[in-house]
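Report on the following structure.
Just so it is clear, the values below take in all heavy atoms, side chains as well, and ignore hydrogens, waters and symmetry mates. These numbers were taken from a predicted model, which means no experiment stands behind them.
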Amino acid sequence: MITFEQVTKRYGERLALDSVSWHMDEGECVVIHGSNGSGKTSILRLITHEVRPSSGSITVGTFRGGRLSRAQRALLRRTLGVVYEDFRLLPDRTVFENVALAVRIMGRVTNEEVVPRVLYALQEVGLQQKQTAFPSELAAGEKQRAAIARAIVNRPAVVLADEPTGALEKRTAADVLALLQKIHREGSALLIVTTNPEVAEKMNSRVLRLDDGRLIGDTGPNGAPAESA
Amino acid sequence: MMQGFFLKEAVRSFRHHRGLATTAIISLTSALVLSGMFLLVAHNAGLALHTVGDRREMVVYLNDSVSPDQVEALSRQFESSYGIVSYVSKDQAWTEFSEEIEDPALLEAVEGNPLPASLRIKLKPELLTATAMEEAAKHIAEIPEVEDVVYGGEWVRRLDELTRNLQWAAIVAGVLIGLAVVFMMYNTIRLSVLARRLQVEIMSRLGATDGFIVTPFVFEAIFEAGVAAIAALALVFGIQQGISAQVVPVAFLPWTWALGFLAANLMLAWLAASLALNRVLRAIGA
């Protein structure tokens, strides 16, 4: 599903990732935990090909290599569902329209195809009552649910969540994590990146620990070394 | 199907960013009025030069001994080679001269009619240059029946020089104004795009192709440029009407020029929007 082989990433003089190797299987749930500046977000940006590795090789599904054309990058991103800490919802569109945009981006789809898919995704995250609301009318937890609906509406093979509870209060954060667990149980692979050790604990899944750009730990749900490490 | 979606997206974006869109239209209109005024000046300068050039003629003075048959033969020869010929007899020449002088005392001092008969040639368009006229005058002067050939050689040379200089000035000014308009259009549209950078970034992260992201912006830019071009043409028309009524009669742009102006602006808007989007997409790592 996702494989990093000896991946190093430098931003000018700064070393963000230092020869990192790891692999994630289809349907697996992985939490990448580390402090700020440990290289977590670089991993996500490398997976989505927002940046290219300085050295090493990355495979995401059938996309292999460090240099993809813009068209290939677009195709790669359609196989992923991404959830951001700051939600990244378009403020001039309703919840329904924000989710529908992800469907339309997939290509030739009719309105008849878009509507049921969006409604199903909104039902999955419990936001069907808020489909006509604009992001500014939603609470933080609802915004994140809308962002999750947008991430899962095309049934991606893997959902990437970048600090999904970072902007949420404790109780709402727990609800969002429960929702992500539900999505994982339904078959999607899930990769969560977080600075919060409680997230890793609550997800009860494999945890990769990053420190200063180096992978310093890879443990299974029970804390034992992971099999695929 | 997708075109309809892109059009809706463009309308949504235009409505949501009304202030920015209005500012863009006003900025573009100002720049386009400048280029429209340049076209108006160039067109009217061209018309004026054409009118002056049309008046260029050659006067062939004939010997007094030339018979009517010879005049007829020469007229036919000149007609086929140089242009429209009109014959002015000695008597007609004297009448014209008398009307111009308007002083009977002076006219009475002249004994007889010393003026020669002449053939006036309104030259063909291809002969309206100093070189061609000089060449034609040389040939005509070699004909035995011809006394003299007059065509205002120095004046024609100056007119040709003026036309050439004006053409160069028009090309240089046109290129400079064109570049200024392209630069302004590019920056205006780039500002609109930058204001919606978040939208572009989100679409890119969701896996939208360049075409999917760019098309609504291009539609919007073309619409804004179209409105600005029409507004600029209307303003230039108003200015032309004002000048015609208050100062000197000037002609408005021919409809082919106006259509070309509109089409060129739509093309430039398409180009500017594509370039601006391409830069933003590269900047966000799309």
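The shortest non-hydrogen separation linking A/R104 to B/F212 is O-CE1, 3.6 Å. Closest of all the heavy-atom pairs between A/A74 and B/A208 is CB-O, 3.8 Å.
Rounding to the nearest 0.5 Å gives a distance of 9.5 Å between CZ of A/R73 and CZ of B/R205. Note that the CD atom of B/Q199 and the CG atom of A/L101 stand 8.0 Å from one another [nearest 0.5 Å].
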message = Run the side-chain contact (heavy atoms from CB on, under 4.5 Å) test on A/E50 and B/E201 for me, step by step, so that the C-alpha distance in whole Å, both residues' side-chain angles and the decisive distance to 0.1 Å come before the verdict.
response = CA-CA 10 Å; A/E50 285 171 55; B/E201 197 175 333; 5.5 Å; no
task = Check the pair B/R15 / A/D92 against side-chain contact (heavy atoms from CB on, under 4.5 Å), numbers first and verdict last.
result = CA-CA 10 Å; B/R15 284 169 60 184; A/D92 60 337; over 6 Å; no
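The 12-atom threshold is exceeded at CH2 of B/W257, counting heavy atoms of other residues, nucleotides or ligands nearer than 6.0 Å. Other residues, nucleotides and ligands contribute at most 12 non-hydrogen atoms within 6.0 Å of the NZ atom of B/K8.
If you measure heavy-atom distances from B/I202 to chain A, the contacts under 4.5 Å come from the side chain alone. Heavy atoms closer than 4.5 Å to chain B are found in the side chain of A/R150, but not in its backbone. Of the two parts of A/L89, only the backbone, made up of N, CA, C and O, holds a non-hydrogen atom closer than 4.5 Å to a non-hydrogen atom of chain B.
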Using residues 224-246 of chain B as the side-chain source, report each donor-acceptor pair under 3.5 Å to any protein atom, sequence neighbours left out, with the distance given to one decimal.
{"unit_1": "B/Q240", "atom_1": "NE2", "unit_2": "B/V250", "atom_2": "O", "d": "2.8"}
{"unit_1": "B/S244", "atom_1": "OG", "unit_2": "B/Q240", "atom_2": "O", "d": "3.0"}
{"unit_1": "B/S244", "atom_1": "OG", "unit_2": "B/V250", "atom_2": "N", "d": "3.2"}
{"unit_1": "B/S244", "atom_1": "OG", "unit_2": "B/V250", "atom_2": "O", "d": "3.1"}

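Put simply, the side chain of A/R77 gets close to the backbone of B/S204: a donor and an acceptor are under 3.5 Å apart.
With a 4.5 Å cut-off on side-chain heavy atoms, B/N278 and A/R70 count as touching. Residues A/R78 and B/T209 have side chains in contact (heavy-atom distance under 4.5 Å, counting atoms from C-beta outward).
Applying the salt bridge (charged side-chain N to carboxylate O under 4.0 Å, His left out) test to A/E97 and every residue at least two apart in sequence or in another chain returns B/R12.
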